[in-house]
Number of protein chains: 2
Amino acid sequence: MKDKVKARSVPFSQTRSRHASETAEDYVEAVMELIEEKGECRVLDLARYFNVSHVTVSRIVKRLHDEKLLISSPYKPVRLTDAGAKLAKRAKERHAIVLDFLIALGVDKANAEIDSEGIEHYVGSKTLTAMKRFLKSQK
Amino acid sequence: MKDKVKARSVPFSQTRSRHASETAEDYVEAVMELIEEKGECRVLDLARYFNVSHVTVSRIVKRLHDEKLLISSPYKPVRLTDAGAKLAKRAKERHAIVLDFLIALGVDKANAEIDSEGIEHYVGSKTLTAMKRFLKSQK
DNA sequence: CATCATCCGTAGCCATTGCTACATTTGTTT
DNA sequence: AAACAAATGTAGCAATGGCTACGGATGATG
Ligand SMILES: [Mn+2]
Ligand SMILES: [Mn+2]
Ligand SMILES: [Mn+2]
Ligand SMILES: [Mn+2]
């Protein structure tokens with residue numbers, strides 16, 4: 001009479017793993033956007049962007065530098081490595097699809113922007129494909 | 001020439017706040033399910049359910065007890081307070097809607113289960129309404 | 001070139017969520 | 001009742017992401 005309870009450990013493990021990538025994805029995406037929009041990305045730009053202190057940004061930038069996603073030297077603007085730019089491009093595309101999808105579903109822009117900022121990180125490739133299919137069918 | 005960069009701090013603040021509720025929502029939901037499915041909910045049941053060590057569960061149960069969502073005394077099964085049961089009910093309903101929605105969108109069950117486990121926590125009331133509307137229209 | 005505001009780094013705090021190792025309690029089996 | 005196995009608790013570590021306070025670096029202004 002074992003295993004009466006469904007094994008739900010897989011979804012949770014997967015969610016925890018996605019959780020761990022969330023910050024990296026948001027940061028490289030932000031760096032790419034800030035560089036596009038104002039030419040460079042400073043630590044304080046990121047702090048304002050995320051609404052956190054510059055200290056939080058500074059530490060995370062250091063870690064993403066160690067992970068070879070960002071290029072940073074003291075008092076210099078932050079840039080993207082090739083790997084960082086690749087990740088940023090993927091993250092931006094996925095984020096845009098989720099945002100467009102929510103709007104196509106009938107969610108107002110403000111709420112779609114809020115919800116997509118969280119949802120984007122937990123959308124797998126199958127779900128992303130389904131969202132793209134929906135967007136195409138609506139067009 | 002200020003404010004050239006869009007204020008994106010609101011979505012991120014909101015996402016961080018939702019982040020903080022995620023564990024509580026998952027735990028009360030799990031406790032409710034485990035009690036329904038096998039009559040009681042032990043620390044080890046939760047550990048297996050979430051695929052984490054019993055130590056992690058034990059500490060989180062203690063915190064949710066302090067937050068008056070769970071009832072727990074040493075070596076006893078975990079139960080829900082009224083507040084916990086209310087939260088669990090809401091979380092289960094929302095989770096079920098997100099899961100059904102993904103399936104209706106064309107995502108296979110396994111992936112819908114994985115993705116809904118993360119997505120559920122970042123779906124606001126407007127998006128949830130839109131998902132319900134979609135489900136109704138498909139029926 | 002001196003001053004000053006801004007930017008950024010560092011020190012050190014807290015909370016959360018993972019873990020292993022070990023101790024204790026509980027309940028079952030001799 | 002003793003012994004044992006299983007469940008739970010406790011101690012203590014690490015990584016992550018928040019924060020304030022403070023100090024050094026940088027660049028603009030005078
Ligand atoms: Mn994003
Ligand atoms: Mn995001
Ligand atoms: Mn759930
Ligand atoms: Mn969940």
Side-chain angles (χ1 to χ4, degrees), chain A residues 1-2 5 9 11-28 30-31 34 38-67 69-79 117-118 121, chain B residues 1-3 5 9 11-28 30-31 34-35 38-67 69-79 117-118 121:
Chain A
M1 265 299 198
K2 278 182 190 174
V5 176
S9 58
F12 287 108
S13 300
Q14 189 66 47
T15 298
R16 273 197 302 279
S17 149
R18 287 169 174 176
H19 217 31
S21 326
E22 194 169 338
T23 304
E25 290 168 357
D26 281 340
Y27 269 69
V28 294
V31 171
L34 285 162
K38 53 170 289 188
E40 67 173 17
C41 171
R42 315 289 321 202
V43 167
L44 272 189
D45 294 325
L46 289 167
R48 279 186 284 259
Y49 188 95
F50 290 119
N51 196 28
V52 296
S53 76
H54 79 277
V55 182
T56 297
V57 170
S58 191
R59 190 165 6 80
I60 292 173
V61 164
K62 193 178 297 169
R63 199 188 74 232
L64 298 179
H65 174 87
D66 293 345
E67 291 175 9
L69 292 172
L70 297 181
I71 302 168
S72 74
S73 43
Y75 301 98
K76 290 277 184 62
V78 178
R79 284 172 305 145
E117 193 55 71
H121 309 283
Chain B
M1 265 296 197
K2 278 182 191 176
D3 289 301
V5 176
S9 58
F12 286 108
S13 299
Q14 188 66 48
T15 298
R16 273 197 302 279
S17 149
R18 287 169 173 176
H19 223 42
S21 326
E22 194 168 337
T23 303
E25 290 168 357
D26 281 340
Y27 270 68
V28 294
V31 171
L34 286 162
I35 290 177
K38 54 170 286 188
E40 67 174 16
C41 172
R42 315 289 318 203
V43 167
L44 272 188
D45 295 325
L46 289 166
R48 280 187 284 260
Y49 189 96
F50 291 119
N51 196 29
V52 296
S53 75
H54 78 279
V55 183
T56 297
V57 170
S58 188
R59 190 165 4 79
I60 291 172
V61 164
K62 194 178 299 171
R63 200 190 71 233
L64 298 179
H65 173 87
D66 292 345
E67 292 175 10
L69 292 172
L70 297 181
I71 302 167
S72 75
S73 43
Y75 300 97
K76 290 277 184 63
V78 178
R79 285 172 303 145
E117 193 56 70
H121 309 283

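Residue numbers begin at 1 in each chain, while the letters A, B, ... track the order of the sequences. Please read all numbers here as calculations on a predicted model, not as lab measurements.
Taking the six-membered ring where tryptophan is involved, the planes of A/F12 and B/F50 are perpendicular, since the angle between them exceeds 60° and thus also 30°.
One can place NE2 of A/H121 at 17 Å from P of D/dT16, the figure rounded to the nearest angstrom. Rounding to whole angstrom units, CG of residue A/D26 and P of D/dG17 are separated by 10 Å. When the C1' atom of C/dC7 is taken as reference, atom NZ of A/K38 falls 12 Å away, rounded to whole Å.
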Look for any protein N or O under 3.5 Å of an N or O in nucleotides 13-20 of chain C and output each such pair with its distance, or none.
unit_1, atom_1, unit_2, atom_2, d
C/dT17, OP1, B/T23, OG1, 2.4
C/dT17, OP2, B/R63, NH1, 2.1
C/dT17, OP2, B/R63, NH2, 3.4
C/dG18, N7, B/R59, NH2, 3.0
C/dG18, O6, B/R59, NH2, 3.2
C/dC19, OP2, B/S53, N, 2.7
C/dC19, OP2, B/S53, OG, 3.1
C/dC19, OP2, B/T56, OG1, 3.2
C/dC19, N4, B/R59, NH2, 3.3

Taking only N/O atoms, report every protein-nucleotides 25-29 of chain D pair under 3.5 Å with atom names and distance.
unit_1, atom_1, unit_2, atom_2, d
D/dA25, O4', A/Y75, OH, 3.2

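Residues from residues 40-48 of chain A with heavy atoms under 4.0 angstrom of DNA chain C, sorted by number: A/R42, A/V43, A/L44.
Side-chain N/O atoms of A/K62 include one lying less than 4.0 angstrom from OP1 or OP2 on C/dT10.
A pairwise comparison of heavy atoms in B/A24 and B/L64 identifies CB-CD2, 3.8 Å as the closest pair. The two residues B/G118 and A/T15 make their nearest non-hydrogen contact at N-OG1, 3.7 Å. Between A/L46 and A/L34 the shortest heavy-atom distance is CD2-CD1, 3.7 Å.
More than 12 non-hydrogen atoms from other residues, nucleotides or ligands lie less than 6.0 angstrom from CZ of A/R16. For A/R18, the CZ atom is densely surrounded, since the number of other residues' heavy atoms within 6.0 Å is greater than 12.
Put simply, OH on B/Y27 and CD on B/E67 are 12.5 Å apart, with the number rounded to the nearest 0.5 Å.
For residues 53-62 of chain B, the set of pairs meeting the salt bridge (charged side-chain N to carboxylate O under 4.0 Å, His left out) definition, not counting sequence neighbours, is empty.
Annotation: side chain to side chain contact (heavy atoms under 4.5 Å, CB included) contacts of B/H65 (sequence neighbours excluded): B/S72. Residues passing the side-chain hydrogen bond (donor to acceptor under 3.5 Å, both in side chains) test with A/T56, sequence neighbours excluded: A/S53.
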